[in-house]
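Here is the naming used below: chain letters follow the sequence lines, and residue numbers restart at 1 for every chain. The structure displayed is predicted, hence computed values, not measured ones. Values below: all heavy atoms of this structure, side chains included; hydrogens, waters and symmetry mates excluded.
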Number of protein chains: 2
Amino acid sequence: MVGFMTGERKKFTREGEERRREALIAAALDLIAAGGPQAATVRAIADRAGVTPGLIRHYFRSKEDLVREAYRAMMTAMSDDNAAVLQAPHPSAEARLAAFVAAALRPPVMDPHRMGLWAGFIHQVRGDPDMAAVHAETYLGYRDLLESLIAALGPNDPARLRALAIACNGVIDGLWLEGCALPDAFAPRELETIGLQSVGAILGRDLLAHLPELESD
Amino acid sequence: MVGFMTGERKKFTREGEERRREALIAAALDLIAAGGPQAATVRAIADRAGVTPGLIRHYFRSKEDLVREAYRAMMTAMSDDNAAVLQAPHPSAEARLAAFVAAALRPPVMDPHRMGLWAGFIHQVRGDPDMAAVHAETYLGYRDLLESLIAALGPNDPARLRALAIACNGVIDGLWLEGCALPDAFAPRELETIGLQSVGAILGRDLLAHLPELESD
DNA sequence: CCTGCAATTATACACTTGCATAATTACAGA
DNA sequence: TCTGTAATTATGCAAGTGTATAATTGCAGG
């Protein structure tokens, strides 16, 4: 009869270190995305990962450490999603660029969840030099990739190339932001089309004509 | 002898309700901008405003109420700063639009402090319907204003006008974001120039030629 | 079936948070 | 100068925070 209706010790199974760390990071990211950093308490994270709070400190030096690793995981995931579309073959440089731009303005890259994450981390990135380094690195990597795609369109002097990359990056970021912030304010492919038109206008190319996937929906 | 070297009661002066409320709101905004919502505790806000924590609940129903009003104050301030440049006379519709775009990519509108604020509020806006309403209202107001400036350039059908406004808004937002996030990554007027070129490219106008203030620095 | 150990849970603690309430005090008006 | 009162401060509290540490227990190897 002992233990009936009383707080019995929780049953658990031993998992590999890798899986536990990933589960805790994923839980932290979900919570930050949904409710900001303040929602990601050790207890909430542990709850969502299906463990008890103490385990966090068994796998991470501190909660701050967990958040740091979560940030790194998010940034690499975004980079990978962005660049994934470039692995497919494309008939021309224009088509490559068009596919890249369109991918940024469509799920899973354009996603309110992602924007919540991004915004939630901003202040912590400010304070932590390690996180700031990850941020700068990822941002510049993205812009460099974009610049190389633009360079493939044709010859351009470096200064102009840099300005074009910044401008296109700005367009993509801005539309991404709008789409994430007000997902219901736009028609399904509206932002994608606007993005291609705008980047195309900046570069003097008709990118819309080079996107092969527009008939899929 | 009573009270010597002991915690004496704080001296204070009575201020008008208006000024106290403004001071508390300003303090909350500063703290959120610098360190995110988690930094804006009642004690920190009161400290920064030069009062004791209890006073917050004398002027606001709850901390949540104070944050709500702070958000409203921020949004109207941003709108006002944006639109202020339009009060001056401009020789042409192009010049008006150019001045508007440039103003958005220059202090005080483009300011890391402001971006910190904006990001800090995102999650709270999600949860609170009142704040969400303020947000949508302000955003759409800004875009409508932009659309009217574009419409003044010449005749356009409504659908195209809407798309142009969204695109230009996206460019401005994106460049604003980049400038705020990495203030040292760009030359002084670089983003301003890129913004004018890009918006100009989208609209098919040379806006850069219509900005009168470029010789000021 | 043991037995040891590391993974996991449970408990406790010092600190912070927002809020309620009581005690003061500045200041306008008599 | 006195007095009332509203603005302001001081104190206390319950809930929540991250962290340290002790108590369990799943599970691999004999």
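What separates CD of E17(A) from C1' of dA7(C) is a distance of 11 Å, to the nearest Å. In this structure, the CG atom of L24(A) is 14 Å from the P atom of dG18(D), given to the nearest Å. Straight-line distance from the CD atom of E8(A) to the P atom of dT25(D): 10 Å, rounded to whole Å. For the pair D47(A) CG and dT9(C) C1', the computed distance is 13 Å after rounding to whole Å. For H58(A) and dG26(D), the NE2 to C1' distance is 14 Å, given to the nearest whole Å. Note: CD (Q38(A)) to C1' (dG16(D)) measures 13 Å, nearest angstrom. Distance I56(B) CD1 to dA7(D) C1': 15 Å, rounded to the nearest Å. Distance F12(B) CZ to dA26(C) C1': 5 Å, rounded to the nearest Å.
In this structure, R114(A) pairs ionically with D81(A), as a charged nitrogen and a carboxylate oxygen lie closer than 4.0 Å. Between E190(A) and R162(B) there is a salt bridge, since at least one side-chain N of the basic residue sits less than 4.0 Å from a carboxylate O of the acidic one. Look at R20(B) and E17(B) and you find no salt bridge, because none of the NZ, NE, NH1 or NH2 atoms lies under 4.0 Å from a carboxylate O.
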Exercise. Could you check E137(A) against R72(A) for salt bridge (charged side-chain N to carboxylate O under 4.0 Å, His left out), going step by step and ending with a plain yes or no?
Key: CA-CA 11 Å; E137(A) 180 186 335; R72(A) 175 166 259 116; 5.5 Å; no

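Using a 4.0 Å heavy-atom criterion, one finds that T52(B) contacts the bases of the nucleic acid, with or without backbone contacts as well.
Closest of all the heavy-atom pairs between Y139(A) and N169(A) is CE1-ND2, 3.3 Å.
Each of L55(A) and E64(B) lies near DNA chain C, and the nucleotide nearest L55(A) is the one positioned closer to the 5' end. Checking K11(A) against K10(B), the closest nucleotide of DNA chain C that is more toward the 5' end is the one next to K11(A).
Scanning atom types as modelled, no donor and acceptor separated by under 3.5 angstrom connect the side chain of R43(A) and the base of dG16(D). Counting atom types as modelled, R20(B) pairs no side-chain N or O with a base atom of dA7(D) as donor and acceptor under 3.5 Å. For R14(B) against dT8(D), no side-chain N or O and base N or O form a donor-acceptor pair under 3.5 Å.
Listed nucleotides: dT19(D), dA10(D), dT8(C). Nearest to the side chain of Y59(A): dT8(C). Side chain of K63(A), nearest nucleotide from dG18(D), dT17(C), dC27(C): dG18(D).
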